[in-house]
Novice: 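Here's a structure for you.
Model, not experiment: these values are computed from the prediction.
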Amino acid sequence: MKINNRVKTLIFSLIAVSALGLIFLPTQQTQKAAQNTIQNSNRADYINRVNQGLAEAGLATRGLDSALKVDSMANLMQIRSGINFNPVARQQLTSMETAAISGKQPLVSFDRVVDIVTDTVLEQASKLTDQEIIQVVTTARGFSAPETPDKLKNQDIGIFPGYYIQISDKEAVKQLKAATDPNAQLFIKPIVGGKIKEQARSYLADFAKASPSTFGENWDGKNNRPGKDLTPSQATLLTYSLVSGDSFADTTSSLASTMQKKQDALVKRHGSYPSPSGHSAYGANGYLFSSAFALFFNEQNQLTLLNKFSGKE
């Protein structure tokens, strides 16, 4: 069955949105913010902040067994984004990590992570209900609360770094629905996969620079390409960053300070802005970066991802 011209037009006009906000929207918001962050400070400072965030995740902590490392990482994800990491998934990831480190299970190649994330995102996209599509659109417009000044509500939807579009909710929902068509997904899959790969390379290069003890072997800086394959925990952390837009810059306490600074700046500029109290920095309605990644990284999909990483699916 051929894709009709209507669908093709929709795909070309909103190619990033066609990924349903599960990959492109959070990462584009993050990239734009990250660019601003790096401009306002310097590269070394940014990498140092990522180093601190990754250190808090615990993957590089010597002496910790796999269970403690997985729990540390999962607990931090929950604090930073509000996502609940399935207890069964934690146990499975612990077993996989132990087996991979001991050589009893293969590591996960960078390209395999990209393929798995691409396939899973598109699979999940095709299953979204009308209500979930509306949720994606709402979430993609950024943090919102009842006290948000009217001038800061209904923000533009991000497409590419530094590029945002003005679009009504009605039109965005209509175009998103068109992009859930299986035939349309066949058409956009190479582009979606390419964008995910680009984002994954960027994150992995930063992680390797920021935490050589954890990711140093996984990126070949000399040739600017992936290096050693990833352990299941590393692959999970990279996947989390891809779908949430969380670069792991800053520790939990530093994030709280950053959120407060955001409120202070917006209050000074607009007279009022909601408090960050009770809000996560990332995830659905994240105070710093809002993304609909919970629809992709939910408890069931966590298990699906792990099974794919292990080769069971």
Novice: Side chains of Thr251 and Ser254: any donor to acceptor distance under 3.5 Å?
Specialist: yes
Novice: Hydrophobic clusters here meaning ILVMFWY residues chained together by side-chain heavy-atom distances under 4.5 Å, can you tell me if Ile79 and Phe85 are in one?
Specialist: no
Novice: What do the steps show when you test Asn84 against Glu299 for side chain to side chain donor-acceptor pair (under 3.5 Å), and what is the final call?
Specialist: CA-CA 7 Å; Asn84 183 46; Glu299 294 188 45; 2.8 Å; yes
Novice: Going by distance alone, is a donor N or O of one side chain under 3.5 Å from an acceptor N or O of the other, for Asp45 and Asn48?
Specialist: no
Novice: Centre of Tyr273's six-membered ring, under 6.0 Å away, within 45 degrees of the axis: is that where NZ or CZ of Lys262 sits?
Specialist: no
Novice: Sort and list the pairs that fulfil salt bridge (Lys or Arg N to Asp or Glu O under 4.0 Å) and have at least one residue in residues 125-140, not counting sequence neighbours.
Specialist: Asp130-Lys177
Novice: Check whether any side-chain N or O of Glu97 sits under 3.5 Å from a backbone N or O of Ser233 as a donor-acceptor pair, and report yes or no.
Specialist: yes
Novice: With salt bridge (Lys or Arg N to Asp or Glu O under 4.0 Å) as the rule and sequence neighbours excluded, what pairs involving residues 77-88 come up?
Specialist: Arg80-Asp246
Novice: Checking Tyr46 against Ser247 for the side chain to side chain contact (heavy atoms under 4.5 Å, CB included) test, could you report, in this order, the C-alpha distance in whole Å, the side-chain angles of both residues, the deciding distance, and whether it holds?
Specialist: CA-CA 10 Å; Tyr46 173 74; Ser247 67; 3.4 Å; yes
Novice: Just how far is it from atom OG1 of Thr118 to atom CG of Asp111, taken to the nearest 0.5 Å?
Specialist: 10.5 Å
Novice: If you measure from the Lys or Arg side-chain nitrogens to the Asp or Glu carboxylate oxygens, is any gap between Arg141 and Asp169 under 4.0 Å?
Specialist: yes
Novice: Would Leu93 and Phe309 satisfy side chain to side chain contact (heavy atoms under 4.5 Å, CB included), going step by step from the backbone distance to the final call?
Specialist: CA-CA 10 Å; Leu93 180 55; Phe309 286 155; over 6 Å; no
Novice: Can you run down the ring pair (Phe, Tyr, Trp, His ring centres under 6.0 Å) pairs that involve residues 214-236, sequence neighbours left out, and say none if there aren't any?
Specialist: Phe207-Phe215
Novice: Just checking, any donor-acceptor pair under 3.5 angstrom between side chains of Ser291 and Ser244?
Specialist: no
